[in-house]
Number of protein chains: 2
Amino acid sequence: MRRNTTQRTAIEQVFSQHERPLGVDEVLTYGRKLVESLNQATVYRNLKILIDDGWLKRIFHPSLGALYERTGKGHHHHFYCHECHRVFEIPGCALREDEAAPDGFVVEDHEIFLFGVCPSCAG
Amino acid sequence: MRRNTTQRTAIEQVFSQHERPLGVDEVLTYGRKLVESLNQATVYRNLKILIDDGWLKRIFHPSLGALYERTGKGHHHHFYCHECHRVFEIPGCALREDEAAPDGFVVEDHEIFLFGVCPSCAG
DNA sequence: GAGGAAATGAAAATTGTTGGCAAAAGTAAA
DNA sequence: TTTACTTTTGCCAACAATTTTCATTTCCTC
């Protein structure tokens, strides 16, 4: 049976405090402010658990690698600015999902990564 | 100054011969049929060069990890079947790119990963 | 060809992630 | 509560993926 641990609670809090996709190292750093002894392996283990629970999901940043973000925040996409290398969350969806794939394919979900220049870099 | 090497030529040929996203190990295996001495580090180095040149691009398969594919093959997206775990290339584009991000964001490119069940698994 | 810079191969070094195990902590029942 | 039991944790070793180091080889220009 799954137990509630201060470590996992701390990790959940980290995601609640930072409303954006986080990398493993960020989770570890912020998490240690809540539980000083927090270990990297524990972070990995709990990220996996939280993904299995459907509480988190993993996305892949083109250069930062794996990032983790809360699920259920409403449908949104990601925008990667190749000037400042930041990831933005873009609310809404401009995909015509019914036309996204040929007949026969059952589309259940999708993920969109936009690339370009963000407003502050575009100046 | 960049030089033409038989190794990089071989790697380019591998992608021309196989019209689909390839993993590092596949590039190495197929490449060695062209240049027996081909080394893994050389593959990594040249994949990076070819990406910088805009000749290749890297995508992330949810379970296979990084895959590399030729650019300029016509716009397409990827469909991942969670039954058979295969990746399909879906031609065309159902994204309303002009509406994809708020004003101020300059959208230059995008990548869409669709998730669901493919025709053969959907029966 | 000869000279010099860039690329390669081989292996070590990093980085990112997972697994093993003894100790610590959460939970249920006494 | 305390006890008894099992899950988690922390630490560290083990892996896997990728990058770097460096001596040697290869390409390109003269």
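Residue numbers begin at 1 in each chain, while the letters A, B, ... track the order of the sequences.
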message: I need the CD1-P distance between I49(B) and dT8(C), as an integer number of Å.
response: 7 Å
query: Checking side chain to side chain contact (heavy atoms under 4.5 Å, CB included) for the pair W55(B)/I11(B): CA distance, chi angles, key distance, verdict?
result: CA-CA 12 Å; W55(B) 199 85; I11(B) 290 171; over 6 Å; no
- prompt: Which nucleotide in the list dT8(D), dC27(D), dG9(C) gets nearest to the side chain of T42(B)?
  reply: dG9(C)
- request: Hey, can you tell me if F113(B) and F115(B) have their rings parallel, tilted or perpendicular (30° and 60° cut-offs)?
  value: parallel
- prompt: Is there a side-chain polar atom (N or O) of N4(B) under 4.0 Å from OP1 or OP2 of dA6(C)?
  reply: no
field: Min side-chain heavy-atom separation D25(A)-L28(A) under 4.5 Å
entry: no
- prompt: What is the distance from CD1 of I11(A) to P of dT8(D), rounded to the nearest Å?
  reply: 13 Å
message: Quick check: closest heavy atoms across D53(B) and R2(B), and the distance to 0.1 Å?
response: OD1-NH1, 2.8 Å
task: Scan residues 22-38 of chain A against DNA chain D and write down, sorted by residue number, each residue with any heavy atom closer than 4.0 Å; if none is found, say none.
output: S37(A), L38(A)
task: In whole angstrom, give the distance that lies between atom CG of D53(B) and atom P of dA7(C).
output: 11 Å
- line: note: R3(A), atom CZ; dC5(D), atom P; distance rounded to Å ~ 13 Å
Distances for protein N or O near nucleotides 28-30 of chain C N or O, under 3.5 Å:
none

task: Please collect all salt bridge (charged side-chain N to carboxylate O under 4.0 Å, His left out) contacts where either partner lies in residues 36-49 of chain B, sequence neighbours excluded, each pair once.
output: none
- prompt: Which heavy atom of L38(B) sits nearest a heavy atom of V27(B), and at what distance?
  reply: CD2-O, 4.4 Å
- request: Measure from CZ on R2(B) to C1' on dG4(C) and round the result to the nearest Å.
  value: 19 Å
message: What is the distance, to the nearest angstrom, from the CG atom on L47(A) to the C1' atom on dT9(D)?
response: 15 Å
- request: Walk me through it: do L114(B) and F88(B) pass the test side chain to side chain contact (heavy atoms under 4.5 Å, CB included)?
  value: CA-CA 9 Å; L114(B) 303 167; F88(B) 298 80; over 6 Å; no
task: From the options dC11(D), dG26(C), dT26(D), select the nucleotide whose nearest atom is closest to the side chain of T6(A).
output: dG26(C)
- request: Compare all side-chain heavy atoms of E19(A) with those of K73(A) and state whether any distance is below 4.5 angstrom.
  value: yes
Just the table, please: protein N/O against nucleotides 18-22 of chain C N/O, every pair under 3.5 Å.
residue : atom : partner : partner atom : Å
dG20(C) : O6   : R45(A)  : NH1          : 3.4

statement: Taken to the nearest whole Å, CG/N46(A) to P/dG26(C) is 13 Å
- request: Using atom CZ of R8(A) as one end and atom C1' of dG26(C) as the other, report the distance to the nearest whole Å.
  value: 11 Å
message: For a 4.5 angstrom cut-off between non-hydrogen side-chain atoms, does E12(A) reach L50(A)?
response: yes
query: Would you say the side chain of F60(A) lies within less than 4.5 Å of the side chain of R58(A), judging by non-hydrogen atoms?
result: yes
- request: Return yes if some donor-acceptor pair links the side-chain N/O of R8(B) with the main-chain N/O of R3(B) below 3.5 Å, else return no.
  value: yes
message: Is any side-chain heavy atom of H82(B) closer than 4.5 Å to one of V117(B)?
response: yes
task: May I ask you to test the E69(B)-E89(B) pair for a side-chain heavy-atom distance under 4.5 Å?
output: yes
message: Can you give me the bend angle of the helix from dG1(C)-dC30(D) to dA30(C)-dT1(D)? Use the axis through the first five pairs and the one through the last five, nearest 10 degrees.
response: 40°
Going by atom type alone, with no hydrogens or angles, which donor-acceptor pairs under 3.5 Å involve a side-chain atom of residues 92-107 of chain B and a protein atom two or more places apart or on another chain?
residue : atom : partner : partner atom : Å
R96(B)  : NE   : E99(B)  : OE1          : 3.1
E97(B)  : OE2  : H110(B) : ND1          : 2.9

- prompt: Using a cut-off of less than 4.0 Å, is there contact between a side-chain N or O of Q7(A) and OP1 or OP2 of dA25(C)?
  reply: no
